[in-house]
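Everything below concerns the one structure shown next.
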Amino acid sequence: MHKSYQTILPCQSRLLQQRWDKAYYLEHRRKVATVVPMIDNKPPPNFMHLHLKMKKLQLEEENLATIERDNHRLLERMGYIMRTRGRIDNRNDYLYKSLNSEKRQREQIRISRENKDILQRILNRRAEYNHATWQKDWKKNRSFLNNISHFPNDWWSSTKPHAKKKPVSKDKRTNCRSKTTNNEAESVKSPMPEGEDNRKTVEKGNELKRSRENTKIDENTGVQEDTKVQDKTEVQENTKVQGNTKVQVETEVRDSEGQEDTEEEEDNTREQDNTEEEEDNTREQDNTEEEDNAEKQDNTEEPENTK
């Protein structure tokens, strides 16, 4: 009983009701499949004559054909004219002749002559300031500065970077500072002659040796390292003092050589000035001769023109 068709409404035959219900259901599915919408939501149809305008293309091709035909005709006519002279003779073989050419040439010659005279005056003009004396004064001032200066000219290139120092305790630093101040006070003095400087350097070297021996006996290892650093600084200062004395001697030699060079340069400049004056005189004579010849030619041409 449970496997038989269960109807919604009561009926006499369940088999017939099952057939009728199935037929109604299939009819309903057919109608749903073939239903037409009430609102048309499809895109409009595409027409080719709206996108591809054949008449426009045809007109463009006809225009291009007429242009090509006209160009071909023009080329044929131009070729015929180039091969022959054409139907007209409009060639003009007249040469332009100026009636004022001689006057313009004379004016150009006069202007060039005046320009030459102005250039000659500029070249013959002597300078009011003498560069040789300025150079001599500059070298003299340079020598004075080298004599007065505490360090040589290129002292930064000769110095070497100091070695890295090890950390020292506060007590050791105070001792080292007191020693360095005493040594600097002794080293900073007025400049002395070469002999005295050498003696002082020897005495300082002996004192440094003694101080080293005393420090090796009395002080600790840390204090010994500090004294080594101080010794290096003092030796560098001594080498700087010796370098200053050498630089002074070299500057004096350079000054003497520079004076000789300046005297030779002055002699050479004088000889060049004399040669330039002679060349200028010869140029002036040549210019005067050319001017006379040009004037003679002008005088000879004028009577011919009058005839």
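The basis for the numbers below is simple: all heavy atoms, side chains too, and nothing from hydrogens, waters or symmetry mates.
Minimum heavy-atom separation, S112 to I109: OG-O, 2.7 Å.
Of the inter-residue distances, the one linking F144 atom CZ with S149 atom OG reads 13.5 Å to the nearest 0.5 angstrom. Between the CG atom in L119 and the CZ atom in R283 there is a gap of 9.0 Å [rounded to 0.5 Å]. A distance of 11.0 Å separates OH in Y5 from NZ in K22, rounded to the nearest 0.5 Å. Taking SG from C11 and CG from L9, the interatomic distance works out to 8.5 Å, rounded to the nearest 0.5 Å. Expressed to the nearest 0.5 Å, how far CG of D137 lies from CZ of R142 amounts to 15.0 Å. With values rounded to the nearest 0.5 angstrom, T7 atom OG1 is found 10.5 Å from Q18 atom CD.
Applying the side-chain contact (heavy atoms from CB on, under 4.5 Å) criterion to L64, with sequence neighbours excluded, gives no partner residue. Legend: residues meeting side chain to side chain donor-acceptor pair (under 3.5 Å) with Q105, ordered by chain and number and at least two apart, are absent. With sequence neighbours excluded, the residues satisfying side-chain contact (heavy atoms from CB on, under 4.5 Å) with R83 are Y80. Evaluation of the side-chain contact (heavy atoms from CB on, under 4.5 Å) rule for R125 yields E128 as partners, not counting sequence neighbours. Partners of S13 according to the side-chain contact (heavy atoms from CB on, under 4.5 Å) rule, which considers only residues two or more places apart in sequence or in another chain, are L15, L16. Every side chain to side chain donor-acceptor pair (under 3.5 Å) that R104 has, sequence neighbours left out, goes to S98. Evaluation of the ring-ring contact (aromatic ring centres under 6.0 Å, His included) rule for Y129 yields W134 as partners, not counting sequence neighbours.
The stretch residues 30-39 participates, sequence neighbours left out, in these side-chain hydrogen bond (donor to acceptor under 3.5 Å, both in side chains) pairs: E27-R30. A salt bridge (charged side-chain N to carboxylate O under 4.0 Å, His left out) check over residues 110-119, counting only residues at least two apart or in different chains, returns the pairs E107-R110, R110-E114, R113-E291. Within the structure, the ring-ring contact (aromatic ring centres under 6.0 Å, His included) test picks out no pair touching residues 273-293 (sequence neighbours left out).
Counting non-hydrogen atoms of neighbouring residues, nucleotides and ligands closer than 6.0 angstrom, the CG atom of L26 exceeds 12 such neighbours.
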Would you tabulate the side-chain donor-acceptor contacts of residues 67-77 under 3.5 Å, counting partners in other chains and residues two or more places apart, or write 'none'?
{"unit_1": "N71", "atom_1": "ND2", "unit_2": "I67", "atom_2": "O", "d": "3.1"}
{"unit_1": "H72", "atom_1": "NE2", "unit_2": "E76", "atom_2": "OE2", "d": "3.0"}

Side-chain donor-acceptor pairs of residues 39-58 under 3.5 Å, sequence neighbours excluded:
{"unit_1": "D40", "atom_1": "OD1", "unit_2": "K42", "atom_2": "N", "d": "3.3"}

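N124 has its side chain within reach of E284: a pair of non-hydrogen atoms, C-beta onward, lies under 4.5 Å apart. Counting only heavy atoms from C-beta outward, the side chains of T282 and E278 never approach each other to under 4.5 Å. Contact of the Q12 side chain with the Q17 side chain is not registered, since no non-hydrogen atoms from C-beta on lie closer than 4.5 Å.
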